[in-house]
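Please read the structure below before turning to the comments.
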Amino acid sequence: MKVVIVGGVAGGATAAARIRRLDEQAEIVVFERSGYISYANCGLPYYIGDVITDPEALTLQTPESFFSRFRVAMKVRHEVTAIHPDKKTVSVKNLETGEEFEEGYDKLLLSPGAKPTQPEVPGVGLERVFTLRTVEDTFRIKEYINARRPGSAVLAGGGFISLELAENLRALGMDVTIVQRPRQLMNPFDSDMAAFIHGEMRRHGVRLALGRTVEGFQERDGGVDVLLKDGAPLHADMVALAIGVTPDAALAKEAGLALGIRDSILVNDRMETSVPDIYAVGDAVQVKHAVTGQDALLSLAGPANKQGRIAADNICGGDSRYLGSQGSSILRVFDMTAAVTGVSETNAKKAGLDVDHVILSPMSHAGYYPGGRLMTMKVVFEKETDRLLGAQIVGYEGVDKRIDVLAAAIHAGMKATELKDLDLAYAPPYSSAKDPVNMAGFMVENLAKGVVKQFHIQDVAGLPRDGSVTLLDARTPQEYGSGHIEGFRNIPVDELRERLGEIEPGKPVYVICQSGLRSYIACRILAGYGYEAYNFAGGFRFYDAVTNDRCLIESASACGMDQ
């Protein structure tokens, strides 16, 4: 059996190694148009920022090492220019010599990945306007920085690569501005959780121009003007385009393979395309979202590697199936960590799901043990069934292990209420006896059983201030004096029983505290005396962070300047 693989990075390299492990006699040829195989895309920004200093560390394998171990012919700087399914051949061009030839196959695997989305605006091809996808792109940016010593950069786009590049350019001492058409960074997150990411970026000197559209680039005064719709240009010494990626499916399209959303390659759960003996994996293929069941594009290394293994199994006569992509991902944002899995509240509603969520602000480990840090967790679930749909966490220590527990719970089809039953490891330096994941389960169970009712940040502005309801802040006078929501009166939770006479019976009571815990206790006290009480999800700390962020975005948009 002869297998030809187009693309030698995540999915392609994984498939090649797996095929060899399953079939020692197979002839395997990989064509990779760049000069590198099996390289760490996610590590590229860290080489630019001198976190990774050895360029060889970016490549997990070389063509020579891969051949030595797996006897796979890795042909770098070779571009497949056409697929001929009727002849079961591909046309190939050697990019170094210009030689063109055809290569036959019994099985063909496409792993071309995705290419940086290029806006159709003037100036995209300027010398100082870069994209970051390949090792060569990385070296090009690094060489420019070393030679020109730029003092400023504008990054167009607010996803993973942009944020990682912003951090690394700041570490080099550069002024950095991120321009993003949506009014938030990191679209996998809900806007309320993205507020914490925005705050961390601003604390480290990154300016944010959110809700702004790039209309072109112009060279001026030895740098680049980034032209904005309805705003003054932003001037910088260099620009990096990171506005997203597009499936690199031109080969498949020209060969007549069935396509999916955004011209991605359509595959079934065996990673088979519409043409017999042709498989496809990675960022170029359409997948099913594991939570919503809807068609999706998710450009992540983990799914690409899994798909490569599944395709290899099936090429070798097995029957492996891809169960869908859940979108689990994690990002370092300067000193902070942001992680997400499953579906956000926003996207769950777009998918037609009836959802609710809980927000909590637990410590990373036991409060009495030194060094604990707060994290903010948002857990999304389906109202009718309590099915766990998604989670977002922003914090410092312990974010990674909580998101992985929640990712596993979603994969297992658990209800959000069942999180309370998970038997998770505890010792004071690492967690609390009631882990944050358990706490989320307790909170959802309280809602499910009617022990507590809650209201959310979007409800606050619409609460009547005419005396028909009681608005109560259960924090200490000192906390209340440092900032509170207009219309909320202060009765500390520990004084509530003695001061019930100040709360008019028969009226709903909406209660807030700093994190949601004391207000929950206040709600239980009030319920015990016959009041209808609602607890604010997330507490004042959450409310303050989100509303301040939105005010900054609104004010910056109004004055046409970046923040």
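Here, residue 1 is the first one in the sequence, and each next residue gets the next number.
For T81 and S91, the side-chain atoms include no donor-acceptor pair closer than 3.5 Å. Checked by atom type, the side-chain pair R541/T376 shows a donor-acceptor distance below 3.5 Å.
Rounded to the nearest 0.5 angstrom, L241 CG and I161 CD1 are separated by 13.0 Å. Here the OG1-CG distance, from T246 to D283, works out to 11.0 Å after rounding to the nearest 0.5 Å. Atom CG of residue L552 and atom OG1 of residue T547 lie 10.0 Å apart, to the nearest 0.5 angstrom. Note: I48 CD1 to L172 CG = 9.0 Å, rounded to the nearest 0.5 Å. Here M186 contributes atom CE and L331 contributes atom CG; the two are 5.0 Å apart, rounded to the nearest 0.5 Å. The structure places CG of D225 at 6.5 Å from CD of Q218, a figure rounded to the nearest 0.5 Å.
In terms of heavy atoms, V90 sits closest to F31 at CG2-CE1, 4.5 Å. In this structure, L298 and H289 approach most closely via the heavy-atom pair CD1-CD2, 4.3 Å. Across A10 and N305, no two heavy atoms sit closer than the pair O-OD1, 3.7 Å. A pairwise comparison of heavy atoms in K401 and S431 identifies NZ-CB, 4.2 Å as the closest pair. The shortest heavy-atom contact between A240 and L165 is CB-CD2, 3.7 Å. In plain terms, the two heavy atoms of L210 and R183 that are nearest each other are CD1-O, 3.8 Å.
Under a 3.5 Å cut-off, the side chain of S364 and the backbone N or O of R373 do form a donor-acceptor pair. Here the side chain of H78 pairs a donor or acceptor atom with the backbone of V76 at under 3.5 angstrom. A donor-acceptor contact shorter than 3.5 Å is absent between the side chain of R181 and the backbone of V214. In this structure, the side chain of E99 does not engage the main chain of N94 through any donor-acceptor pair within 3.5 Å. A donor-acceptor pair under 3.5 Å is formed between the side chain of T138 and the backbone N or O of T134. In terms of modelled atom types and a separation under 3.5 Å, the side chain of Q326 and the main chain of A407 share a donor-acceptor contact. With hydrogens and angles disregarded, no donor-acceptor distance shorter than 3.5 Å links the side chain of T213 to the backbone of K229. Side chain of S65 to main chain of Q61: no donor-acceptor pair is present (N/O by atom type, distance under 3.5 Å, no hydrogens or angles). Within the 3.5 Å criterion, the main-chain N or O of G35 finds a donor-acceptor partner in the side chain of E136. Between the side chain of Q180 and the backbone N or O of G158 there is at least one donor-acceptor pair closer than 3.5 Å.
Here salt bridge (charged side-chain N to carboxylate O under 4.0 Å, His left out) pairs that include residues 41-55, with residues two or more places apart or in two chains, are D50-K142. Within the structure, salt bridge (charged side-chain N to carboxylate O under 4.0 Å, His left out) contacts touching residues 67-84 (residues at least two apart or in different chains) are R33-E79. Note on residues 117-131: pairs passing salt bridge (charged side-chain N to carboxylate O under 4.0 Å, His left out), not counting sequence neighbours, are E127-R148, R128-E219.
The side-chain heavy atoms of V267 and Q307, taken from C-beta on, include no pair separated by under 4.5 Å. Side-chain contact between P303 and V287: absent, with no pair of heavy atoms (C-beta onward) separated by less than 4.5 Å. At least one side-chain heavy atom of Q184 sits under 4.5 Å from a side-chain heavy atom of N187. For the pair H204/D335, a side-chain contact is recorded, criterion being any heavy-atom separation below 4.5 Å from C-beta on. Considering only heavy atoms from C-beta on, V245 comes within 4.5 Å of S299 through its side chain. Residues T341 and I410 meet the side-chain proximity criterion, which asks for heavy atoms closer than 4.5 Å. Taking 4.5 Å as the limit, some side-chain heavy atom of Y46 sits within range of a side-chain heavy atom of E164. Residues V285 and P247 have side chains not in contact (no heavy-atom distance under 4.5 Å, counting atoms from C-beta outward).
Remark: Y430 OH is loosely packed, at most 12 non-hydrogen atoms of other residues, nucleotides or ligands lying under 6.0 Å away.
The side chain to side chain donor-acceptor pair (under 3.5 Å) test applied to R332 returns E167, not counting sequence neighbours. With sequence neighbours excluded, the residues that form a salt bridge (Lys or Arg N to Asp or Glu O under 4.0 Å) with D190 are K378.
A side chain to side chain contact (heavy atoms under 4.5 Å, CB included) with V154 holds for exactly one of V176, D237, V179; it is V179.
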Could you tabulate the donor-acceptor pairs under 3.5 Å formed by side-chain atoms of residues 250-260, not counting sequence neighbours?
residue, atom, partner, partner atom, Å
K253, NZ, D263, OD2, 3.1

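The pair D137-R140 meets the salt-bridge criterion, since a charged nitrogen lies less than 4.0 angstrom from a carboxylate oxygen.
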(message) S152 vs M174, test: side chain to side chain contact (heavy atoms under 4.5 Å, CB included). Steps then yes/no.
(response) CA-CA 5 Å; S152 59; M174 295 174 62; 5.8 Å; no
(message) As a quick check of understanding, evaluate side chain to side chain contact (heavy atoms under 4.5 Å, CB included) for I315 and L22, giving each step before the final call.
(response) CA-CA 10 Å; I315 285 170; L22 296 177; over 6 Å; no
(message) Go through it in stages, so that I can follow the logic: the residues are K115 and T131, the test is side chain to side chain contact (heavy atoms under 4.5 Å, CB included), and I'd like the CA-CA distance, side-chain angles, deciding distance and then a yes or no.
(response) CA-CA 9 Å; K115 54 189 177 183; T131 59; over 6 Å; no
(request) Could you walk me through whether T292 and N347 pass side chain to side chain contact (heavy atoms under 4.5 Å, CB included), step by step? (result) CA-CA 9 Å; T292 66; N347 289 331; over 6 Å; no
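Classified by interplanar angle (parallel below 30°, tilted 30° to 60°, perpendicular above 60°), the ring pair Y36/F139 is perpendicular. Between H365 and Y369, the two ring planes are perpendicular [angle over 60°; tilted spans 30° to 60°].
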